[in-house]
Amino acid sequence: MQAGKPILYSYFRSSCSWRVRIALALKGIDYETVPINLIKDGGQQFSKDFQALNPMKQLAIIEYLEETRPTPRLLPQDPKKRASVRMISDLIAGGIQPLQNLSVLKQVEEKFQLTWAQNAIISGFNALEQILQSTAGTYCVGDEVTMADLCLVPQVANAERFKVDCTPYPTISSINKRLLVLEAFQVTHPCRQPDTPTELRA
Amino acid sequence: QTEILRPILYSYFRSSCSWRVRIALALKGIDYETVPINLIKDGGQQFSKDFQALNPMKQVPALKIDGITIHQSLAIIEYLEETRPTPRLLPQDPKKRASVRMISDLIAGGIQPLQNLSVLKQVEEKFQLTWAQNAIISGFNALEQILQSTAGTYCVGDEVTMADLCLVPQVANAERFKVDCTPYPTISSINKRLLVLEAFQVTHPCRQPDTPTELRA
């Protein structure tokens, strides 16, 4: 059996990294951060070492944590509610974020990059706002924090970075507000990471 | 007493996301009805008011089952796995499950969304093919490497899993976009082995209710 804390390869501003940080915080799992700067040195994520060490993606990590450290729950017990959680998580992690991440934006002409990112987020948030009408309670699905909420908050942060007007999304906005006061979402915030640049620190 | 209705799958014959779910339903022996949604005709039937009410993302697939509607192909497959557990589509061991999900996420979240119809339409026409090819090549470069450590007969070990349901449709997309798959021998050989299985054959785009005559097997 292994000794040693889990090691998270993380970029302070990456919404994917933030999702996993929140999961680790909620489950009380102590870990070590190895910062990967997505911009410096042409992008440290492209170094051979990192590629060999990067074993998992995103939601697969969170589902693994859920199966191996089951409390507190990040997925409800009921299969239909679990489906809602996964549906919302996939919508964000598979339907919005990949279309506005750094490597895709770099392929778009610079003058169009902002609009491209905004469009990706707006299409996704239009759909999400509608879906939340039927699933949301205090949080995205019912009244407990789930994997869907771990995806929502970082995506709203991205929306703000790309200057997307969130007035058309009152449900998304109010859920986001409620989540941001929770400790796990605060301690893992991009403004408080080991690799947060001084000028962006809280 | 509610009537037990067959599940309804909203599907497009050529949609790789729809094909993933069709394979899952076939493997689990679930009988269902297909409602074809043509992504091109009438400006794209996925944009109709009716369909938008069903799936606000305006994408296929969507599955009506057990009184609910689910979309996002992997969320659908995980629901089928939890409610109709045999035959398995995810291994029992959490680490192997993580490998299955990682590969599935790589394809479903990392490759396909970057080369689907709605994104390609935003790219200047003369660049569309290269854009799609780049998305697939980047993804397949990573996937070929990952499979070195996970693959047996199939993507993860020797049983068919959700990862395989994602692989085959993505290879079909690669072929459609004329991506040379010679650099990906593991992907290619796994794909070949999967394509002879019945569930992958009966669900193939060339054999769907909405397959155009000229593309039928």
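Residue numbers begin at 1 in each chain, while the letters A, B, ... track the order of the sequences.
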For a 4.5 angstrom cut-off between non-hydrogen side-chain atoms, does [X] reach [Y]?
X	Y	result
A:Arg86	B:Leu74	no
A:Tyr64	B:Arg97	no
B:His71	A:Ile131	yes

Show the nearest heavy-atom pair for residues [X] and [Y], with the distance to one decimal.
X	Y	result
A:Gln107	B:Asn134	OE1-ND2, 4.1 Å
B:Ala75	A:Met87	CB-N, 3.6 Å
A:Ala60	B:Asp105	N-OD2, 3.2 Å
A:Pro98	B:Gly109	CG-O, 3.2 Å
B:Met57	A:Gly95	CE-CA, 4.2 Å

Would one find more than 12 heavy atoms of other residues, nucleotides or ligands at under 6.0 Å from atom [atom1] of [X]?
X	atom1	result
A:Glu183	CD	no
B:Glu144	CD	yes
A:Lys27	NZ	yes

Checklist entry - Considering only heavy atoms, which portion of B:Gln112 lies under 4.5 Å from any heavy atom of chain A: side chain, backbone, both, or neither? => result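 The answer is neither part of B:Gln112.
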
Checklist entry - Using non-hydrogen atoms only, which part of B:Ala53 is less than 4.5 Å away from chain A: side chain, backbone, both, or neither? => result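 The backbone, not the side chain.
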
Item to check | chain B contacts, top residue of A:Leu99, A:Leu91, A:Val108 (heavy-atom pairs, under 4.5 Å) | outcome: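 Option with the top pair count is A:Leu91.
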
Checklist entry - Do you know which of A:Ser84, A:Ser89, A:Ala127 has the most heavy-atom pairs with chain B at a distance under 4.5 angstrom? => result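 Greatest number of close heavy-atom pairs with chain B: A:Ala127.
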
Next on the checklist: Let's test your reading of the structure: which of B:Asp66, B:Thr83, B:Asn116 forms the most heavy-atom pairs below 4.5 Å with chain A?
Outcome noted: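 Most pairs with chain A among the choices: B:Asp66.
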
Item to check | Gap separating the CD atom of B:Gln92 from the CD atom of A:Glu67, nearest 0.5 angstrom | outcome: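 Answer rounded to 0.5 Å: 11.0 Å.
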
Checklist entry - Going from NZ on B:Lys58 to OG on A:Ser123, what distance comes out if it is rounded to the nearest 0.5 angstrom? => result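 Separation between the atoms: 7.0 Å.
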
